Amino acid sequence: MTSYRPVTPAILAELETIVGRAGVITDRERLEAYSHDETPREQYGHMPEVVLAPASAEQVAAIIRLANRERIPVTPRGAGSGLSGGAIPVHGGMVLSSEKLNRVLEIDGANMTITVEPGVITNDINGLVAERGLFFAGYPMSVETCCVGGNIAENAGGGKAVKYGVTGRYILGLELVTPTGEIVMLGGKLVKNVSGYNLIQLIVGSEGTLGFVTKAIIKLSARPKGRIALLALFSDPQSAIDVVPRILGEGGVLPTGIEFMDRLSVETSCRYLNEHLPWENCGAMLLIEVDGSQPAQVEEDAFTIGRLCQAGRAQEVYVADNATTLERVWSVRRCIAEAFKVYSPAQSLEDIVVPIAAIPEYVRRLAAIADRHELLIPSYGHAGDGNLHSTLVKNPAWSDADWLAREPVILREIYGLVKDLGGTLSGEHGIGSKRKDYMSLFAAPAELELYRAIKRAFDPNNIMNPGKIVDV
Ligand SMILES: Cc1cc2nc3c(=O)[nH]c(=O)nc-3n(C[C@H](O)[C@H](O)[C@H](O)COP(=O)(O)OP(=O)(O)OC[C@H]3O[C@@H](n4cnc5c(N)ncnc54)[C@H](O)[C@@H]3O)c2cc1C
């Protein structure tokens, strides 16, 4: 176990010479906001000793060099919307925030790229490039709040991944400050690049453990001219999921996304939003979206998918084909997590992945686990890529101590089921500190040792986001 040194007044004074007084936060009340992400604060939160808000890669490099020299842990942070404790400074030390690194450096229409600093809000990119007929295909459900740096570090997925894939596909270049304080530029505006090891894709998804991203060159796509979403209601989860492989296989149409929501999820989100979708008589819903450059083709694709849903015993299929109705149906999906937080802040939002065909068995066996342990475990998520956000919601009759004792037991049972079905621990939210102790259930000792060797090669003193993914 690495031992770390505290942030002393002398170190604070040195930090002030790097970022100025305003860039060094030590006020306890302000530090508190950086002590947690979207995992339950009481369970996973940890206070930093100082938060730093640098405004350039050079400042980031100077801070990291100092931290490396003094053996002080550094935790990169974007918007703090993470769901795995990745941005939580579990060993104290410094939080390095990207809040002032939020400039758009270049929009290059000819190469269809945008170059941004890591603190840019993901959704803002689309506002900036829309008039050029372009868009960024990354679409985590937190798109309006999360930052590009956090998306890269988590390799964020979301509601459009079936067609467009996940964040990593769009990262052509990265500027990285390494854990020893060197600034390196990886890649560029290059669509193809096999010159050497693929360090860009190693950094993507490495959860801020291998360096701090200070710049990203992002590939843009042609903005679709048509978009239609279908909301299909089914009597039970099995019937809903049975349709997914038919859509992907027989339909000859690649939907943008296929989202699954069990009845409990839809009901809770609708109540939270005061929305009136007809969930009362259905057991599950699929939200399926298609898009494309030819509106007539998009309509035909939507028709084909609607037909497959009906052939798959959908009770009803509703069509959302304008901005207002599209936003209405998507907001029900986007707000599920928030809605359950209101029901109970004590919960565990999971991110398991199983082969798509195994989803019905997963949902069935998960319901049995929920019954046996007498708690709610709604399931919703990205059915088109087998990634479900089953959420353990504390039974209100349990004390907090009960919950803390029972949660790991139930989680191990669920992870056992996931492993049994050929699945894994996280599809898009990452391991962070929340899931670190469960990594050995899915990764063999030799694989974990490779992770440690990579970490040591980048970060010999283990100062960069320690306590995440795997212990070194
Ligand atoms: C309501 C809700 C819905 C969500 N839906 C989705 C979804 O559909 N798909 C999905 O993938 N995720 C989803 N998330 C999770 C979260 O929004 C994503 O993981 C997002 O990518 C995190 O971005 P952030 O800026 O908030 O990062 P943070 O939470 O601040 O940090 C996340 C990780 O990135 C690292 N990091 C941040 N900035 C940098 C940097 N500059 N350099 C190196 N490392 C850095 C941190 O150390 C940490 O490990 C959702 C979250 C919420 C609350």
Side-chain angles (χ1 to χ4, degrees), residues 33-34 36-39 44 48 51 54 57 60 64 73-90 94-102 116-123 138-161 165-168 171 174-179 203-216 257 259 269 330-331 333-341 349 351 353 380-382 385 387-389 391 426-436 458 464-469:
Y34 299 86
H36 61 90
D37 60 3
E38 287 292 327
T39 53
Y44 298 103
V51 172
V60 172
I64 291 179
V74 176
T75 304
R77 185 180 180 95
S81 73
L83 289 163
S84 56
I88 298 172
V90 291
M94 307 175 184
V95 162
L96 203 46
S97 166
S98 63
E99 64 202 57
K100 286 190 185 161
L101 289 162
N102 59 359
V116 296
E117 291 185 324
V120 166
I121 301 289
T122 309
N123 206 37
Y139 187 66
M141 299 290 114
S142 50
V143 67
E144 283 155 11
T145 50
C146 62
C147 297
V148 170
N151 293 172
I152 293 169
E154 300 289 5
N155 198 8
K160 294 184 178 176
V166 296
T167 303
I171 305 304
L174 282 182
E175 183 182 78
L176 182 81
V177 178
T178 69
I203 299 304
V204 169
S206 65
E207 304 189 22
T209 61
L210 302 180
F212 189 96
V213 171
T214 44
K215 186 160 75 182
E259 298 293 303
S269 186
W330 271 105
S331 70
R333 165 63 188 88
R334 277 205 310 271
C335 289
I336 296 173
E338 236 169 290
F340 278 105
K341 270 204 172 159
L349 199 166
D351 183 39
V353 201
Y380 62 93
H382 316 295
D385 34 48
N387 182 198
L388 289 184
H389 299 314
T391 304
S426 175
E428 56 182 25
H429 296 165
I431 303 304
S433 48
K434 180 178 190 281
R435 301 191 177 90
K436 180 177 57 105
F458 275 74
M464 188 57 74
N465 213 357
K468 311 294 162 67
I469 306 180

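Atoms within each ligand, like the ligands themselves, are counted from 1 in listed order. These figures come from a predicted structure and were not determined experimentally.
- Listed here is the closest heavy atom pair of S81 and T145: CB-OG1, 4.4 Å.
- Looking only at atom types and distance, the side chain of S426 has a donor-acceptor partner in the side chain of D351 under 3.5 Å away.
- In summary, the side chains of T122 and N151 do present a donor paired with an acceptor at a separation below 3.5 Å, with no hydrogens or angles considered.
- Counting heavy atoms from C-beta on, the side chains of C147 and I121 come closer than 4.5 Å.
- Among protein heavy atoms, atom 31 (O) of ligand 1 sits closest to A87 CB, 3.7 Å.
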* To do: Test E207 against K468 for salt bridge (Lys or Arg N to Asp or Glu O under 4.0 Å), laying out the working first.
  => CA-CA 8 Å; E207 304 189 22; K468 311 294 162 67; over 6 Å; no
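- Backbone and side-chain nitrogen or oxygen atoms of P140 are examined, and none is located within less than 3.5 angstrom of a nitrogen or oxygen of ligand 1.
- Within the model, atoms CG of L83 and OG1 of T39 stand 7.5 Å from one another, a figure rounded to the nearest 0.5 Å.
- Neither the backbone nor the side chain of S98 comes within 4.0 Å of ligand 1, counting heavy atoms alone.
- Taking every heavy atom of L83 and a limit of under 4.0 angstrom, the matching atoms of ligand 1 come to 14 (N), 15 (C), 50 (C), 51 (C), 52 (C).
- Close contacts between ligand 1 and A156 involve ligand atoms 11 (O), 21 (O) [criterion: under 4.0 Å to a heavy atom].
- In terms of heavy-atom proximity, R435 sits nearest to L349 at NH2-O, 2.9 Å.
- Looking at K215, its side chain never comes within 3.5 Å of a backbone N or O of A57 through a donor-acceptor pair.
- Using a 4.5 Å cut-off on side-chain heavy atoms (C-beta onward), I64 and M464 make contact.
- In this structure, R77 CZ and E99 CD are separated by 9.0 Å, a value rounded to the nearest 0.5 Å.
- Considering backbone and side-chain N/O atoms, G78 comes within less than 3.5 Å of an N/O atom of ligand 1.
- At the top of the distance list for atom 33 (C) of ligand 1, counting protein heavy atoms only, stands E154 OE2, 3.2 Å.
- Under a 4.0 Å heavy-atom criterion, E338 is not in contact with ligand 1.
- With respect to atom 8 (O) of ligand 1, the closest heavy atom belonging to the protein is M141 N, 2.9 Å.
- Of the polar atoms of G80, at least one N or O is found under 3.5 Å from an N or O of ligand 1, judged by distance alone.
- Judged by distance alone, with hydrogens and angles left aside, the side-chain atoms of T214 form a donor-acceptor pair with the main-chain N or O of E175 at under 3.5 Å.
- Proximity to G208 (heavy-atom distance under 4.0 Å) selects the following atoms of ligand 1: 43 (C), 44 (N).
- The nearest protein atom to atom 18 (C) of ligand 1, hydrogens excluded, is given as S81 OG, 4.2 Å; this is a heavy-atom distance.
- Nearest approach of V166 to G157, heavy atoms of both residues: CG1-CA, 3.7 Å.
- For C146, no nitrogen or oxygen atom sits less than 3.5 Å from a nitrogen or oxygen atom of ligand 1, counting backbone and side chain alike.
- At a heavy-atom cutoff of 4.0 Å, ligand 1 is contacted by no atom of T214, backbone or side chain.
- Every atom of ligand 1 is numbered from 1 in the order shown, and the set under 4.0 Å from a heavy atom of S142 is 2 (C), 3 (C), 4 (C), 5 (N), 13 (C), 14 (N), 16 (C), 17 (O), 50 (C), 51 (C), 52 (C).
- Remark: ligand 1 atoms within the under-4.0 Å shell around heavy atoms of E38 are 53 (C).
- For the pair G157 and ligand 1, a heavy-atom separation below 4.0 Å is found.
- Looking only at protein heavy atoms, the nearest one to atom 34 (O) of ligand 1 is A153 CB, 3.1 Å.
- Looking from atom 42 (N) of ligand 1 to the surrounding protein, the closest heavy atom is V213 N, 2.9 Å.
- Contact analysis puts N151 in contact with ligand 1, with a non-hydrogen atom separation below 4.0 angstrom.
- Between D37 and ligand 1 there is no heavy-atom distance shorter than 4.0 Å.
- Taking 4.5 Å as the limit, every side-chain heavy atom of S142 sits out of range of all side-chain heavy atoms of E38.
- Ranking the protein heavy atoms by distance from atom 9 (N) of ligand 1 puts E428 OE2, 3.0 Å first.
- Only the side chain of H429 comes within 4.0 Å of ligand 1, judged by heavy-atom distances.
- Counting atoms of ligand 1 from 1 in the listed order, those under 4.0 Å from a heavy atom of N465 are 47 (O), 49 (O).
- Under the 30°/60° scheme for interplanar angles, the aromatic rings of H389 and H382 are found to stand perpendicular.
- Using a 4.0 Å heavy-atom cutoff, S84 is absent from the residues neighbouring ligand 1.
- Looking at atom 45 (C) of ligand 1, its nearest protein heavy atom turns out to be P76 CB, 3.5 Å.
- Here the OH atom belonging to Y380 is positioned 6.0 Å from the CZ atom belonging to R333, to the nearest 0.5 angstrom.
- Nearest heavy atoms, V74 versus P466: O-CD, 4.3 Å.
- Residue contact check: G211 has heavy atoms under 4.0 Å from atoms 43 (C) of ligand 1.
- Applying the 4.0 Å criterion to heavy atoms of P118 picks out, from ligand 1, the atoms 41 (N).
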